Each structure stands twice: as structure tokens, then as C-alpha cells.
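Input: a single structure, listed below in C-alpha cells.
Order of listing sets the numbers, starting from 1, for every ligand and every atom in it. Just so you know, these numbers come straight off a predicted model, no measurement behind them.
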Amino acid sequence: MCVETKKNADSQWQEDLKNRITSVEQLKKIINMSHEEEANIYSVAQKFKIGITSFLLSLADADNPNCPIRKQIIPSVEELHSKPEESDDPLGDKRSSPVYGLTHRYPDRVLVYPTYECATYCRHCFRRKKVGHCDGRLSDEKTNNILNYLWDHKEINEVILTGGDPLTLDDNKLKNLFFNIRSLHHIRVLRIHTRIFVSLPSRITHNLVKILKSVQPLYIIVQVNHAKEISSLFKQAVEKISRAGIPILCQSVLLKNVNDDVQTLKSLFYSLVELGVKPYYLHHCDLARGISHFRTNIQKGVELLKQLRGSISGLCIPYYMVETTGGHGKVPIIYNYVKSRNETLTEIENYNGQIYKCPS
Ligand SMILES: *Cc1c(COP(=O)(O)O)cnc(C)c1O
Ligand code: SF4
């Protein structure tokens, strides 16, 4: 009986993934839209896939087009507008990709993309040109090429599984991948970047936790952009992972009209810290094509972080990260608290704007 129940839990998420919303026809039944909107969303869907779990949609406000969850998951006609500075590969992943499915930009760590599937496709995704394509799943041959590359590069000590969402892969696939990476003894740390805690928290099954526990040291970095995404199932999923001793951090994306005000960020970061999830990075919205309606300017981001620094626990404060154009690395941008500096004195500004002198 017990085995039976567990089996159901382990396959339920796969059912939910299979049954998610993927077409304008399905969306039309749930969201009120005019003919014009329908035609627009249809054009958007030709370029960038639709995928929405019913779970995440259930957290959205059906009557409010400004709902922060809705804005992130329902296509908008603004996605058809492309700016000259935008590109399909804003992070230059391809340029730093010595073998298919791997990006090696920093000396000691690499990104690996085991799949380009996600449970829900975020409208602000910076890999939106790639995500959602079935051919994005790595073949055995491609996986071997990656493993050979890792074997040949002993300076790499961390492998970051990203995508897509690595946790959309089934347990066996993940287990094999982990097993193969773990057999390379110079790889000291594993990391998973995922949004599944938000869009399909039922994925965090007993069996998955067991697998993750067995491949530690492992860090999980979840993407959460608004406190509304922190559901009770999200909390349960985080608890399961924490109980297994796996650290969880969060990366958020600064999104215009979703979370670009200090109250929203405070509420998000506090709710995370309360659950034991450390806000790690707040990303400036990348220059991916068709997401300019989500992008704030850097000045605004710096100002928001400055306001947070003055009014909330340091535990809640992430680094504000801006990606260099063309993908030459992420850079933390912080307000300049140093007002002047000479050989003897440095003038610094405190959290509420007063200037103090200290010896240099
Ligand atoms: C963001 C990123 C990483 C991870 O960077 P951290 O600062 O360690 O989180 C690694 N490789 C690439 C190519 C990246 O873009
Ligand atoms: S989960 Fe990540 S990779 Fe997938 S659509 Fe969202 S931002 Fe893109």
C-alpha cells in the first residue's frame, strides 16, 4: 500500500507536466481575451513557446491582468517588439561553448544544459530562443562529449546543471547524469538551477530527495521573483530539501511592474529567509529579444538595493548582477558608498545618507 502511494506521488508530477497548457486554444478557455489579443498571442506563440502548469496558473489572479504571476507566464504582444540592442543569445553562451550543451566562461565552473524543457516557460526568459525544443535533451553521445571535456579540464571543480530546468528530467536520467559527473573526482561541487519549486513543486518527491542527498555536496538555486510564488507546496518542497541537508539559495530577476519596488522585494526576500532560503543574486533583466517591457534601468536596480540595505536584515540582501553585453561575465553593481578618498582619509556614506570620515 505504502509502495503504491509512493509510486503515485512519483508519477503525479509527470502527469501534471504532460497536461500543462501549451496552446492559445487552451489558454482562451481560462483567460478572457479579445479576438485581437488572441491573434497577438498566437503570433507570439509561433516564436516563443507557451507552457504553463495548472498549478502555477492556479496561483495567478484570473481577473487581474497586472497579477505578478500572470505577467510572467501569459504571453504578451509586447514580446513581438525587438530592440536593436537585444539578441537571441545575449549571454554569448554559444561563443563560450567548447562542446554542445556546456558553457565554460569562468575558469573553475561550467554550465551544463541537460534539457531545454521547463515546467512553465517564463515570458522573461533569457534563453527563450532555446527553451522548449525537444531536441534540446542531450543524447548519450553528447553527454559523453561533455563528460570527456570535464575529464580533460581538471581546473573545473563545479558543475552547474541549468537549462531549461534540469528537474524536468525523470529520476533515472538525473541519477545517471549525477553518477557520471560524480565519477570525475576533481568535480567538488554540484549545483542545480531550477524554477520547479515555483511551477511544479510536486516534482520534489521522496525519491528525488533521496537521489539529491546521495550526490552532495550539492547546492540548489531556485528562481523566485515575487512572494506570491511562495505557495504552501513550495514551502513543503523547501522543507524536504533542507531536511536532507542541501543548501538552497534564490536568484530573482528584476522585472518591471512585477517586482521593481522596494516593498515587493522586501516581502519576497524576507519570506525566503524565513524559509531558510538565502537570496543570492538579483539579476538585471538580460538583453534577450522581446523582453524590453520587463527591463528596468540599472540606476533603478542600484537605487532599490540601496534602499534595501538601509532597511532590512543583511541576510535578505542579494547581489545585484548585471551581465556584460555579449556575455563576458556577470558583474555585481553596488551603490558607491565611498564619497571621497585620499591617502589619509576616506569619506563613506552610511545607510541613511550621513557621511563619515575614516582613516584610509
Ligand atoms: C552565471 C554563470 C555561472 C555561475 O556564476 P556564479 O557567480 O558562480 O553563480 C557560471 N557560468 C556561466 C557561464 C554563467 O553565466
Ligand atoms: S525556468 Fe529558467 S530556463 Fe525555463 S523559461 Fe524560466 S527562466 Fe527560462
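- A salt bridge links Arg191 with Glu158; the closest basic N to acidic carboxylate O contact falls under 4.0 Å.
- Judged by a 6.0 Å distance limit and a 45° cone about the ring axis, Lys256 is not positioned over the six-membered ring of Phe294.
- By the 6.0 Å and 45° rule, Arg109 stacks over the aromatic ring of Tyr106.
- The protein heavy atom nearest to atom 8 (Fe) of ligand 2 is Cys125 SG, 2.3 Å.
- Looking at Glu229, its side chain does come within 3.5 Å of a backbone N or O of Asn225 through a donor-acceptor pair.
- Proximity to Thr103 (heavy-atom distance under 4.0 Å) selects the following atoms of ligand 1: 13 (C).
- Not a single donor-acceptor pair under 3.5 Å links the side chain of Thr346 to the backbone N or O of Asn342.
- Cys118 SG, 2.3 Å is the protein heavy atom nearest to atom 4 (Fe) of ligand 2.
- Taking a cut-off of under 4.0 Å to the non-hydrogen atoms of Tyr281, the atoms of ligand 1 that pass are 6 (P), 7 (O), 9 (O).
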Let's go through Lys306 and Glu349 carefully: what are the C-alpha distance in whole Å and the side-chain angles of both, what is the deciding distance for side-chain contact (heavy atoms from CB on, under 4.5 Å) to 0.1 Å, and is it a yes or a no?
CA-CA 11 Å; Lys306 179 171 180 253; Glu349 183 180 329; 3.6 Å; yes
Apply ring-ring contact (aromatic ring centres under 6.0 Å, His included) to the pair Phe126 and His283, showing each step before the final yes or no.
CA-CA 11 Å; Phe126 61 91; His283 294 280; 7.4 Å; no
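- Atoms of ligand 1 lying under 4.0 Å from at least one heavy atom of Lys330, given by number and element, are 1 (C), 2 (C), 3 (C), 14 (C), 15 (O).
- Under 4.0 angstrom from ligand 2, the non-hydrogen atoms of Cys122 come from both its backbone and its side chain.
- Residue-level proximity to ligand 1 for Val110 is absent, since no heavy atom of it falls below 4.0 angstrom.
- With 3.5 Å as the limit, one finds no donor-acceptor pair spanning the side chains of Tyr270 and Ser313.
- Side-chain contact check for Asp16 versus Thr53: every heavy-atom pair is 4.5 Å or farther apart.
- Of all protein heavy atoms, the one closest to atom 1 (S) of ligand 2 is Arg195 CB, 3.7 Å.
- Atom 10 (C) of ligand 1 has as its closest protein heavy atom Tyr106 CD1, 3.5 Å.
- Checked for salt-bridge contact, Lys83 and Glu86 miss the test: no charged N lies under 4.0 Å from a carboxylate O.
- Residue contact check: Ile160 has heavy atoms under 4.0 Å from atoms 4 (C), 10 (C) of ligand 1.
- Every heavy atom of Glu158 sits 4.0 Å or more from the atoms of ligand 1.
- Judged by distance alone, with hydrogens and angles left aside, the side-chain atoms of Arg127 form no donor-acceptor pair with the main-chain N or O of Gly164 at under 3.5 Å.
- Among the atoms of Arg109, some N or O lies under 3.5 angstrom from an N or O of ligand 1.
- With a 4.0 Å heavy-atom cut-off, ligand 1 is reached by the side chain of Arg191 but not by its N, CA, C or O.
- Remark: distances from the non-hydrogen atoms of Val131 to ligand 2 include one below 4.0 Å.
- Heavy-atom contacts of Arg105 reach the following atoms of ligand 1: 13 (C), 15 (O) (cutoff under 4.0 Å).
- Considering Tyr219, Tyr280, Phe126 only, the shortest heavy-atom separation from atom 6 (P) of ligand 1 involves Tyr280.
- Of all protein heavy atoms, the one lying nearest to atom 2 (Fe) of ligand 2 is Gln223 NE2, 4.0 Å.
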